[in-house]
A.B. asks: 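Sharing a structure here in structure tokens format.
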Amino acid sequence: WRDILSHKNLIINAPCGAGKTYFAGKSLFIDQDKKYLYLCNTKNLEDSVLMSEDIIATTYNDNYTIKKGERVPNIGRPNIRTMTFAGFGKKIQDIIKVSGVFEQAEYIKKFISQFDIIVVDEAHALIDYKNIYSKDTNVYKLAFESLCRKNTDTKIIWMTATTDILKKEQDKYENLFKDFELIKFDEKIHPIKHYSNKRLAYIYNYSDVVLAFKEYKGAFKDFYEKTLIYTSQISNMKKIEEIANTFDYLTLKTNGEVIL
């Protein structure tokens with residue numbers, strides 16, 4: 001990681017479950033004298049980071065953290081802040097509204113420059129949102145444009161499991177990500193111990209979930225294995241989380257999936 005961090009701006013491409021967010025907490029956000037900003041796609045993921053023991057952080061705007069499932073006043077390290085993509089884009093939008101045309105770029109640069117490192121987690125989702133809400137005033141577009149070009153001394157690190165969507169954006173716009181270096185973790189070259197696709201199963205009812213949890217209890221508890229469960233309905237996610245809780249499994253919910 002020291003070699004990686006010697007580069008200025010990075011796109012880190014590693015598989016789902018490889019520990020990208022864990023890497024941010026353990027290898028990036030370590031200097032008490034520096035300021036960090038962690039950006040992600042959903043409030044659920046932001047909350048899971050606030051609950052994490054690996055990243056002791058507080059929100060940028062609301063100044064709270066999460067302890068034992070409850071929102072509490074800031075008790076985290078004030079040098080680590082979190083925001084969603086929408087929150088970051090709204091901040092850029094507010095800066096534009098209160099500044100003159102010729103001052104906007106300088107004020108945006110000043111805002112970004114207060115951080116030593118900005119991590120853009122689930123970076124592909126930012127591009128998805130930008131393209132879905134394709135209006136000139138959409139906050140995701142503002143966030144994207146502020147984070148994909150070198151304009152300050154701040155190190156910007158994009159993290160994603162897939163770079164295909166980033167490559168499509170590069171093909172459309174000249175000089176996009178020109179100042180970024182891609183670090184791709186090919187499992188043949190860099191074996192990733194956090195993730196292994198040992199079993200793919202289709203689950204049709206909750207009893208199948210219970211059986212799977214029982215079968216792999218040793219793997220989860222003793223070897224810290226992970227499982228990704230994809231589902232299309234929030235009600236299913238809640239039920240699966242309830243079942244997981246009976247086994248004392250830690251769950252992380254994102255859009256359309258539950259990660260144990």
A.B. asks: Without hydrogens or angle criteria, can the side chains of N138 and Y129 be said to hold a donor-acceptor pair below 3.5 Å?
C.D. replies: no

A.B. asks: Give the minimum heavy-atom separation between Y206 and I240, together with the two atoms involved.
C.D. replies: CE2-CG1, 4.4 Å

A.B. asks: Would V119 and L39 count as a side-chain contact (heavy atoms from CB on, under 4.5 Å) here? Give the steps.
C.D. replies: CA-CA 6 Å; V119 169; L39 301 175; over 6 Å; no

A.B. asks: I92 and V139: side-chain contact (heavy atoms from CB on, under 4.5 Å), yes or no, with the steps?
C.D. replies: CA-CA 8 Å; I92 300 298; V139 293; over 6 Å; no

A.B. asks: Between T42 and T84, is any pair of side-chain heavy atoms under 4.5 Å apart?
C.D. replies: no

A.B. asks: Quick one: does D116's side chain have a donor or acceptor within less than 3.5 Å of a partner on K35's backbone?
C.D. replies: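 Between the backbone of K35 and the side chain of D116 there is a qualifying donor-acceptor contact (under 3.5 Å).
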
A.B. asks: Using atom types as modelled and distance alone, determine if a side-chain donor or acceptor of N9 lies under 3.5 Å from a backbone N or O of I156.
C.D. replies: yes

A.B. asks: Listed by chain and number, what are the side chain to side chain contact (heavy atoms under 4.5 Å, CB included) partners of N205, not counting sequence neighbours?
C.D. replies: S207, D208

A.B. asks: Show, in sequence, the C-alpha distance, side-chain angles and deciding distance for I157 and I12, and conclude whether the side-chain contact (heavy atoms from CB on, under 4.5 Å) test is met.
C.D. replies: CA-CA 7 Å; I157 301 176; I12 296 178; 3.8 Å; yes

A.B. asks: In Å, rounded to the nearest 0.5 Å, how long is the span from CD1 of I95 to NZ of K90?
C.D. replies: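 Atom-to-atom, I95:CD1 and K90:NZ are 11.0 Å apart.
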
A.B. asks: Which heavy atom of A143 sits nearest a heavy atom of L126, and at what distance?
C.D. replies: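 Looking at all heavy atoms of both residues, the shortest contact is CB-CD1, 4.1 Å.
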
A.B. asks: Considering only heavy atoms from C-beta outward, does the side chain of C40 approach that of E122 to under 4.5 Å?
C.D. replies: no

A.B. asks: I want to check something: taking the side chain as every heavy atom from C-beta on, are Y249 and N245 in contact at a cut-off of under 4.5 Å?
C.D. replies: no

A.B. asks: Using a 3.5 Å distance criterion without hydrogens, assess whether the side chain of Y140 forms a donor-acceptor pair with backbone atoms of I132.
C.D. replies: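 Checking the backbone N and O of I132 against the side chain of Y140, no donor-acceptor pair under 3.5 Å is found.
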
A.B. asks: What residues form a ring-ring contact (aromatic ring centres under 6.0 Å, His included) with F88, not counting sequence neighbours?
C.D. replies: F111

A.B. asks: Measure the CD1-CD distance between I183 and E181 for me, rounded to the nearest 0.5 Å.
C.D. replies: 4.5 Å

A.B. asks: Do I112 and I118 touch side chain to side chain, with heavy atoms closer than 4.5 Å?
C.D. replies: yes

A.B. asks: Check W158 against A123 and note the closest heavy-atom contact, atom names and distance.
C.D. replies: CE3-CB, 3.1 Å

A.B. asks: Establish, from distance only, whether the side-chain atoms of H124 and T162 form a donor-acceptor pair under 3.5 Å.
C.D. replies: no

A.B. asks: Distance check, rounded to the nearest 0.5 Å: E106 atom CD versus E103 atom CD?
C.D. replies: 9.5 Å

A.B. asks: For I108 and S146, which heavy atoms make the closest approach, and how far apart are they?
C.D. replies: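 The answer is CG2-OG, 4.1 Å.
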
A.B. asks: Given 3.5 Å as the limit, does a donor-acceptor pair link the side chain of Y36 with the main chain of D31, or not?
C.D. replies: yes

A.B. asks: Side chains of T160 and V120, heavy atoms from C-beta outward: is any pair under 4.5 Å?
C.D. replies: no

A.B. asks: When hydrophobic residues are tied together by side-chain contacts of less than 4.5 Å, even through go-betweens, does L211 share a cluster with F213?
C.D. replies: no

A.B. asks: Show your reasoning for whether side-chain contact (heavy atoms from CB on, under 4.5 Å) applies to F115 and K155.
C.D. replies: CA-CA 8 Å; F115 302 102; K155 181 190 291 292; over 6 Å; no

A.B. asks: Say you draw a straight line from CG of D128 to CZ of F144; how long is it, rounded to the nearest 0.5 Å?
C.D. replies: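 Rounded to the nearest 0.5 Å, the CG-CZ separation comes to 11.5 Å.
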
A.B. asks: From D121 CG over to N41 CG, what is the distance, rounded to the nearest 0.5 angstrom?
C.D. replies: 7.5 Å

A.B. asks: With a 4.5 Å cut-off on side-chain heavy atoms, are M83 and L37 touching?
C.D. replies: yes

A.B. asks: Going by the angle between their ring planes, with limits at 30° and 60°, are F180 and F177 parallel, tilted or perpendicular?
C.D. replies: perpendicular

A.B. asks: Is the closest side-chain heavy-atom distance between Y38 and R81 below 4.5 Å?
C.D. replies: no

A.B. asks: Could you tell me if the side chain of I117 sits less than 4.5 Å from the side chain of T154, heavy atoms only?
C.D. replies: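 Counting from C-beta outward, T154 and I117 never come under 4.5 Å.
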
A.B. asks: Using 0.5 Å steps for rounding, measure from the CG atom of L142 to the NZ atom of K91.
C.D. replies: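 So the gap between those two atoms works out to 13.5 Å.
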
A.B. asks: Which residue pairs pass the salt bridge (charged side-chain N to carboxylate O under 4.0 Å, His left out) test with at least one member in residues 156-169, sequence neighbours excluded?
C.D. replies: K130-E169, K167-D171, E169-K172

